There are 2 protein chains.
Amino acid sequence: MQRRKTPTKEAVLKILKDSGRAMSQEGIESEINIEINRATIYRILNRFCEDGLVHKIVAEDGKQYFALCLNCSEKKHRDNHFHFRCLSCQSIECLEEPVNFSVPAGYQVTSLNCVISGVCKDCYQHTRLS
Amino acid sequence: MQRRKTPTKEAVLKILKDSGRAMSQEGIESEINIEINRATIYRILNRFCEDGLVHKIVAEDGKQYFALCLNCSEKKHRDNHFHFRCLSCQSIECLEEPVNFSVPAGYQVTSLNCVISGVCKDCYQHTRLS
DNA sequence: TTATTAATGCGACTATGTTGCAATAATAAA
DNA sequence: TTTATTATTGCAACATAGTCGCATTAATAA
């Protein structure tokens with residue numbers, strides 16, 4: 001099944017690129033300048049995941065976020081880094097730091113989902129100033 | 001607001017203790033030997049969290065899991081360790097290994113949610129044998 | 001220009017989790 | 001022991017996130 005180039009797909013990709021963050025369907029829909037159906041956005045995002053273009057993380061709010069992170073190569077997308085979720089501005093960003101871990105003998109690892117929650121630099125400074 | 005000792009509360013606590021795993025509302029409801037309303041289970045679990053008795057983690061399936069892990073002291077519950085989610089038997093267990101990380105300067109950390117997904121030792125051995 | 005089929009929109013559906021409210025029951029007070 | 005207080009529960013309703021079937025649309029190939 002080969003992919004087709006569609007305006008919606010391009011638009012979603014642009015939003016993800018420009019933001020540099022991990023975004024939810026809701027966030028994408030509100031930022032995008034064309035009208036796209038909710039289900040379509042999910043389908044586009046899941047296709048991106050299948051193609052290794054973006055990676056998906058699930059935050060503590062139980063929602064899915066999709067990121068085309070800057071650290072990753074164009075060819076292969078990795079999700080082996082930490083993510084930081086700001087509880088103030090609600091943004092999720094990919095941190096550069098890779099996740100170091102080991103599992104007990106005999107355990108097979110297939111994926112990681114590591115999110116650090118807190119307040120990002122910008123928001124923390126704003127709260128201190130006000 | 002002081003807590004009261006109720007049969008439901010005790011039953012949920014026992015299930016969590018006996019399993020030694022992180023469990024979802026669904027899992028608890030199916031294991032428990034008395035009938036408890038869905039909403040009640042959530043309320044009990046959230047109260048446990050408030051009281052620092054258990055910790056909550058959200059897995060890649062977007063569901064909440066609650067654990068009274070063995071490594072933690074009775075007094076203070078910590079969620080600063082990795083969790084392993086077996087995609088085969090669906091169980092989630094607390095790993096002993098603590099999460100080591102650092103965040104960029106100016107970032108404030110309040111909580112962690114780190115889940116490693118894969119196949120646990122038992123399940124992996126079963127697949128190799130069959 | 002036509003044929004093929006990937007992609008889309010719509011609606012319906014499932015599942016998870018929360019909340020308001022009246023009824024129940026654990027604990028304190030009399 | 002009896003009564004009063006209020007934490008807890010069950011029920012129903014609700015909110016939200018995500019998926020899926022299906023007919024329609026529109027990229028791409030022929």
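Labels below follow one simple rule: chain letters A, B, ... track the order of the sequence lines, proteins then strands, and each chain is numbered from 1. Model, not experiment: these values are computed from the prediction.
Annotation: side chain of R21(B) is not in contact with side chain of I92(B) (no heavy-atom distance under 4.5 Å). Side-chain contact between L95(B) and I116(B): present, with at least one pair of heavy atoms (C-beta onward) separated by less than 4.5 Å.
The hydrophobic cluster containing V119(A) does not contain V103(B), counting ILVMFWY residues as joined when their side-chain heavy atoms lie under 4.5 angstrom apart, directly or transitively.
Comparing P7(B) and K56(B) along DNA chain C, the residue whose closest nucleotide (by nearest heavy atom) sits nearer the 5' end is K56(B). Each of Y65(A) and Q2(B) lies near DNA chain D, and the nucleotide nearest Q2(B) is the one positioned closer to the 5' end.
To the nearest angstrom, P of dA17(D) lies 14 Å from CE of M23(A). When rounded to the nearest whole Å, the span between NZ of K63(B) and P of dT14(C) equals 16 Å. Atom CD of E60(A) is separated from atom C1' of dT16(C) by 17 Å (rounded to the nearest Å). Atoms NZ (K9(B)) and P (dG10(D)) sit 15 Å apart, rounded to a whole Å. In this structure, CD of E50(B) is placed 13 Å from P of dA7(D), rounded to the nearest angstrom.
An OP1 or OP2 oxygen of dA7(D) is reached within less than 4.0 angstrom by no side-chain nitrogen or oxygen of T6(B). Here K5(B) does not reach the OP1 or OP2 of dA26(C): none of its side-chain N or O atoms lies under 4.0 Å away. In this model, the phosphate group of dT6(D) is not approached by any side-chain N or O of R4(B) to a distance below 4.0 Å at OP1 or OP2.
In this structure, E26(A) reaches the sugar-phosphate backbone alone: every heavy-atom distance under 4.0 Å involves primed, P, OP1 or OP2 atoms, never a base. Residue Q25(B) is out of contact with every strand shown, counting any heavy-atom pair closer than 4.0 Å.
Using cut-offs of 30° and 60° for the angle between ring planes, the F84(B) and Y107(A) rings count as perpendicular.
For R47(A), counting side-chain heavy atoms from C-beta on, the closest listed nucleotide (dT19(D), dA7(C), dT16(C)) is dA7(C). Each of dT8(D), dA27(D), dT19(D) was ranked by its minimum atom distance to the side chain of R3(B); first place goes to dT8(D).
The backbone N or O of S117(B) lies less than 3.5 Å from a partner atom in the side chain of T110(A), making a donor-acceptor pair. Not one N or O on the side chain of D51(A) forms a donor-acceptor pair closer than 3.5 Å with the backbone of L53(A).
A side-chain contact (heavy atoms from CB on, under 4.5 Å) with F66(A) holds for exactly one of I41(A), N46(A), I57(A); it is N46(A).
Near DNA chain C, meaning a heavy atom under 4.0 Å away, the residues from residues 30-46 of chain A are E35(A), I36(A), N37(A), A39(A), T40(A), R43(A), I44(A).
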